[in-house]
Amino acid sequence: PTPENVKAYRDKEKQMWDQADSLHAAWNTANLLYPEQRDLINNPVNVHAVKAKRAIEEEENTKKIKELAKEFDLVLFFSDSCRYCALLSPVLKSFGEIYGFHIDAVSSNNAKHEHFKTVASPELIERLGITAFPTVIAVSHDSKTAFELIRGFVSLSELEEYSVLAALYLEGAKSKERKTSKLISK
């Protein structure tokens, strides 16, 4: 580096700062003139608004999971020799209590589960193609809909996340079904 190179660098740096200041001023003016472009409801920027948005989303998610629990039961497929099953059990029990899910268990051998009513049914496990434990299946009360909710050891927050995803998916499927039935009836 020579003094001339350093001077050229500083000149370029000043030019970049001036351009950044100009962009910043234009950005702020655009925010003022076109407020619809700055959506502080869906994209809050201050700490208080972010916390409020998270609290609202958590409340809505809790409601979705509780609605899912009104329509679906959970079935835990487990093996008494599975360490992950032992770790998941208290988490799943707590999840069921918080959100109102009825939970039963299906054992791959004759083991009884300490938290849930248990049926030993290796043939059901084979028929469903369950190859990993623990696996939790959600089954609608009318038994017309069933899907795998989780596989493996997960946390309470992951159970909540997967349940919200399931609720949103089922909501979308019902919406499509209603639209289709309206089209057919016309």
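Note that this is a predicted model, so its numbers are computed, not measured.
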| said: Between Asp104 and Leu76, does the side chain to side chain contact (heavy atoms under 4.5 Å, CB included) criterion hold? Intermediate values first, please. | reply: CA-CA 6 Å; Asp104 287 325; Leu76 168 65; over 6 Å; no
| query | Ser94 side chain to Pro90 main-chain N or O, any donor-acceptor pair under 3.5 Å? | reply | no
| Does any N or O in the side chain of Glu158 come within less than 3.5 Å of the main-chain N or O of Ser155, such that one atom is a donor and the other an acceptor? | yes
| request: Verify whether the ring centers belonging to His141 and Phe72 lie closer than 6.0 Å. | output: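 No: the rings miss the under 6.0 Å criterion.
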| message | Counting the benzene-type ring for Trp, do Phe101 and Phe95 have ring centres under 6.0 Å apart? | response |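 Distance test on ring centres: under 6.0 Å, yes.
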| field | Working for side chain to side chain contact (heavy atoms under 4.5 Å, CB included), residues Lys93 and Ile103 | value | CA-CA 8 Å; Lys93 180 179 186 264; Ile103 305 169; 6.0 Å; no
| So Glu67 and Lys64, salt bridge (Lys or Arg N to Asp or Glu O under 4.0 Å) or not? Walk me through it. | CA-CA 5 Å; Glu67 289 298 316; Lys64 284 181 175 106; over 6 Å; no
Can you tell if the side chain of [X] reaches within under 4.5 Å of the side chain of [Y], non-hydrogen atoms only?
X: Ile65; Y: Glu160; result: yes
X: Phe147; Y: Val139; result: no
X: Val106; Y: Thr118; result: no

With a 6.0 Å cut-off (strictly less than), is the heavy-atom count around [atom1] of [X], excluding the residue itself, greater than 12?
X: Tyr9; atom1: OH; result: no
X: Lys66; atom1: NZ; result: no
X: Glu126; atom1: CD; result: no
X: Tyr84; atom1: OH; result: no

| request: Indicate whether the side chain of His113 and that of Ser89 have a donor and an acceptor atom separated by less than 3.5 Å. | output: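 The answer is yes; a qualifying pair exists.
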| task | Could you walk me through whether Gln19 and Ser22 pass side chain to side chain donor-acceptor pair (under 3.5 Å), step by step? | result | CA-CA 5 Å; Gln19 289 173 340; Ser22 177; over 6 Å; no
| query | Can you list the residues that meet the ring-ring contact (aromatic ring centres under 6.0 Å, His included) rule with Tyr162, with sequence neighbours excluded? | reply | none
| field | Shortest non-hydrogen contact from Ser163 toward Leu68 | value | O-CD2, 3.6 Å
| task | List for me each residue that meets side-chain hydrogen bond (donor to acceptor under 3.5 Å, both in side chains) alongside Asp80, sequence neighbours excluded, and say none if there are none. | result |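 With neighbours one apart ignored, the set is Asn109.
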| remark: Across all chains, not counting sequence neighbours, the side-chain hydrogen bond (donor to acceptor under 3.5 Å, both in side chains) partners of Ser121 are Glu123
| task | May I ask you to decide whether Glu57 forms a salt bridge with Arg54, counting only side-chain N to carboxylate O separations under 4.0 Å? | result |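 Result for this pair is no, no salt bridge flagged.
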